Every structure is written in structure tokens, then in C-alpha cells.
Amino acid sequence: MRIAKAFVFSLTIHGGVIFMLTEAFDSMKVKTAFEDLVKVEVSNIKFETQEYKSVVREEKNKSTPKFNDNDTKAKENKGYRKIVKKTEKRVIEKENQEREIKKTEVRGDENELQEQTIENDVKEEAVGELIEETQNEKAGTVEDSYDEESMLSYQERYKREHLERIREAVKHFLRYPLIARRMGWEGTVIVCFTLYPDGEIKDLKVEKSSGFEILDKYALKAISKASSSFPRPSEPVTIVLPITYRLE
Amino acid sequence: MERIKEAVDYGVIGVLLLMSIIALTVAIERWMFFRSINLSLYKNKKVLEVELTKHIHLIATIGSNAPYIGLLGTVLGIMLTFYDIGTEGYADPQKIMTGLALALKATAAGLLVAIPSVILYNLLLRKVKVLLSLWEAEYGETKDK
């Protein structure tokens with residue numbers, strides 16, 4: 001009789017203590033594990049332009065030795081190659097090398113950025129010459145490609161320098177919605193926005209939803225809050241940002 | 001492997017929980033008994049002592065053994081974690097650390113059971129001594145004569 005009573009007491013006390021412990025542990029866990037709970041990643045900026053860049057570089061590498069072998073061979077290539085921009089590149093390369101053959105020979109595989117800037121400078125001159133010659137329409141495309149490339153390289157540079165800061169800023173403002181935490185909602189939302197030099201953000205939109213409206217909403221909110229602490233670019237930069245909500 | 005891990009985890013924690021419940025039950029039962037005891041009913045000191053110290057050894061046992069069971073759980077947990085790492089071939093620090101942290105929780109639970117048990121045991125022993133002394137003071141000499 002007495003032992004049964006004592007047993008019931010004991011059970012209730014244990015229940016209370018365990019309940020309190022789990023509550024305390026849960027709240028502690030949420031606080032400390034928050035960094036792990038929310039993962040932010042900044043991915044590549046634009047896929048098409050990146051691809052294009054690689055093509056250009058490839059072409060550059062190819063055309064340089066070819067030209068040294070034979071001038072006309074490159075021109076033949078230009079004839080049957082369908083892609084205008086690629087062949088354009090080669091023409092520029094030619095123009096370029098007619099003037100400074102030795103210089104181009106030397107820079108076969110130097111570091112990319114340096115090469116690119118030199119390349120750009122020279123290209124501009126080359127474009128001018130091209131216009132003087134008969135290839136007016138083609139020159140236009142060259143200029144386009146030049147613009148695109150310089151912008152891309154700027155984006156690349158921006159990304160490389162400030163990716164960590166953007167990530168930290170967004171992470172700082174990101175909250176895991178309580179209801180999502182309770183319900184165990186997880187997912188990756190891909191957000192896309194354009195950052196302007198005055199620090200403004202435009203075209204903020206969800207590119208790919210996580211499947212839960214509230215997660216998307218919180219991600220957008222975090223980015224618009226964090227935008228003031230983003231490093232300012234000197235040109236508009238388009239950023240694609242996957243935000244992963246994950247519960248442990 | 002996952003199942004063994006879970007079994008170890010829940011097994012150790014479950015055993016500790018059971019021990020804790022038993023210890024507390026005995027302690028409460030003893031406390032209630034001490035409060036309701038009528039010392040004049042006992043003719044012999046030895047009989048009274050036996051009656052007073054009934055089941056108290058359980059608390060002592062639990063108090064001294066709970067840390068060992070906790071340690072056993074930790075050792076098994078670490079063992080399994082290392083085994084996992086060994087079979088996978090590379091060390092993922094996240095996995096190791098969470099494995100070790102979860103293993104250590106068994107030790108914590110063991111200590112959490114042991115400390116109150118030891119305290120309760122000491123309290124009860126003191127109470128037994130007090131009651132025995134009281135009995136001796138009041139009835140000892142007269143009953144002996």
C-alpha cells in the first residue's frame with residue numbers, strides 16, 4: 001500500500017523532471033543549432049554567360065597556336081564555322097597578332113585576369129580597325145561580346161570578393177519560421193535579384209519555390225533586410241541565391 | 001548498425017530511468033514509513049533496525065552503480081561511432097562530434113541518477129540513526145531490564 005503510493009509519487013516526479021529537462025534541452029538546441037539549421041549558399045551568377053566565357057577562352061587558346069602556323073588556315077576555319085562570335089574572336093586574334101605577334105606568343109597560359117584585361121584593351125583597338133575595314137556588321141557583334149564579357153568578369157570579380165559577406169549578411173537576417181520548425185518543413189528556395197550600385201535591390205523574386213510559401217516569404221524578407229549591408233557593386237549585378245532550410 | 005546504436009542509447013537511458021524510479025520510490029516509501037512509525041511497538045533494537053533499513057540497500061546500490069552504467073553507455077556509443085568511421089573510411093568531423101556528444105549524454109544521465117540517490121541514501125541513513133537513538137533513549141533501558 002505504502003509502496004504503491006510511493007511509486008506513484010516517484011513516477012509523477014520523474015515525469016515532471018523529464019518534461020522540464022526535455023523542454024530546456026529543446027530550447028537550448030534550437031538556440032545553439034540555429035547556425036546549422038539554416039544554411040545559405042551563394043551559387044553561380046549566370047550560367048549562359050559563364051558558358052560563353054569558357055567557349056571564348058577555349059577558342060583563344062586554340063587560335064593562338066594555329067595562327068602562328070598559318071594565317072590562311074584560320075581564315076578557312078572561319079569559313080566553315082557557323083558560330084559568328086567564335087570566328088569573330090579569331091579575326092580579332094589575327095589583327096592583334098599582326099601587330100604584336102611576339103606578345104601573344106608569350107602569353108600562352110598566364111593567369112586569367114591579366115590576360116583578359118590585356119585582351120580587352122587590344123580587342124577594342126582591333127574592333128576599331130575592323131570597322132575601318134569592310135566588316136562593319138561583324139564589328140557590332142564583337143562589341144557586344146566585349147561588353148558582355150567585361151560585365152561578366154566584373155560580376156565574377158564581385159562574386160569572388162563579396163560572396164562571403166553577402167552570405168553572412170543574409171544568414172544574419174534569416175530566421176527559421178517557428179511553424180515550419182514545428183511542422184518539420186524543409187526545402188531549398190532559389191531567390192534571384194539584381195543589386196544596383198546605389199545599394200538598391202530590384203527584381204527580387206523566387207526563382208524556384210521550396211514548396212512552402214512561408215519559407216519563400218521569409219527568404220525574400222531576409223534578403224530585403226540584408227540588402228543594406230551588401231557591398232555595393234559599381235555595376236548592376238544579378239545574383240542567384242539558393243537558401244536551404246534544413247532541420248537537424 | 002543504426003539499430004544497435006538506438007538499442008544501446010535507449011537501453012542505457014531506459015535502465016537509468018528505471019533505476020531512478022526505483023530509488024525514488026524506495027526513498028519516498030521509507031520517508032512515509034519513518035513518519036508514521038510508532039517506536040513503542042518494537043521490543044527489540046535489532047528488529048527495529050531491520051525494519052527501518054528495509055530496502056535502503058537498493059538506493060545505495062543504485063547510487064553507486066548508476067555512473068558505471070552511464071559510462072558503459074558512453075563507451076558503447078563511442079565504440080559504435082568509431083566503428084562507423086572505420087567502415088566509412090574517412091572522418092567526417094560533424095558525424096564524429098555528434099556521435100561523441102550523444103554518447104556523453106549517457107554519462108550525464110548516470111550522474112544525474114547517482115547524485116540524488118546518494119543524497120537520499122545519506123538522508124535516510126541519518127533518519128534511521130536518529131530513530132534508533134530515540135528508541136534507545138526512550139525504551140532501551142526499560143525494555144532490557
Side-chain angles (χ1 to χ4, degrees), chain A residues 1-43 163-164 167-168 170-172 174-176 180-182 184-188 210 215 242-248, chain B residues 9-10 12-38 51-52 54-56 58-59 62-63 66 70 92-99 101-102 104-117 119-121 123-124 127:
Chain A
M1 190 58 218
R2 213 166 44 220
I3 202 135
K5 222 172 171 180
F7 185 68
V8 171
F9 268 130
S10 167
L11 272 187
T12 46
I13 289 171
H14 271 93
V17 168
I18 286 167
F19 178 75
M20 267 161 57
L21 276 181
T22 48
E23 278 291 298
F25 193 69
D26 269 1
S27 63
M28 201 176 76
K29 206 169 159 190
V30 166
K31 254 181 226 159
T32 54
F34 190 70
E35 301 272 304
D36 305 332
L37 277 178
V38 182
K39 210 179 151 198
V40 189
E41 279 166 7
V42 182
S43 83
L163 182 126
E164 204 53 46
R167 188 187 290 172
E168 285 304 313
V170 174
K171 205 172 179 175
H172 184 255
L174 210 55
R175 294 277 170 276
Y176 211 110
R181 209 187 291 154
R182 284 275 157 81
W185 292 345
E186 300 178 345
T188 301
S210 61
L215 295 185
I243 293 172
T244 306
Y245 288 94
R246 201 182 55 219
L247 289 169
E248 305 264 293
Chain B
D9 219 31
Y10 285 111
V12 168
I13 298 292
V15 166
L16 285 172
L17 190 65
L18 191 71
M19 285 165 81
S20 176
I21 289 173
I22 290 172
L24 197 60
T25 306
V26 170
I28 291 172
E29 192 264 345
R30 279 295 95 180
W31 196 260
M32 281 154 68
F33 173 67
F34 292 159
R35 283 181 61 134
S36 65
I37 194 167
N38 188 352
E51 199 64 30
L52 284 175
K54 217 182 215 172
H55 303 316
I56 272 190
L58 275 178
I59 299 179
I62 286 167
D92 179 8
Q94 202 178 359
K95 207 169 177 187
I96 301 171
M97 286 306 152
T98 47
L102 288 180
L104 285 175
K105 136 193 108 185
T107 305
L111 291 175
L112 218 60
V113 173
I115 294 167
S117 298
I119 291 173
L120 286 175
Y121 180 64
L123 283 178
L124 290 175
K127 195 80 183 160

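Everything numeric in this text was worked out from a predicted model, so none of it was measured. Convention: sequence-line order gives letters A, B, ...; per-chain numbering from 1. Values reported hereafter were calculated over all heavy atoms of this structure, with side chains retained and with hydrogens, waters and symmetry mates removed.
Counted within 6.0 Å of CZ on A:F9, heavy atoms from surrounding residues, nucleotides or ligands total 12 or fewer; the atom is thus considered open. The local environment of OH in B:Y10 is sparse, with at most 12 non-hydrogen atoms from other residues, nucleotides or ligands closer than 6.0 Å.
With a 4.5 Å cut-off on side-chain heavy atoms, A:M1 and B:E29 do not count as touching. In this structure, the side chains of B:L17 and A:I18 come closer than 4.5 Å at one or more pairs of heavy atoms.
Closest approach of B:T25 to A:I3, counting heavy atoms only: CG2-O, 3.9 Å. Closest of all the heavy-atom pairs between B:I28 and A:S10 is CD1-N, 3.8 Å.
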*Verify side-chain contact (heavy atoms from CB on, under 4.5 Å) between A:V17 and B:L112, making sure each step is shown before the conclusion.*
CA-CA 11 Å; A:V17 168; B:L112 218 60; 6.0 Å; no
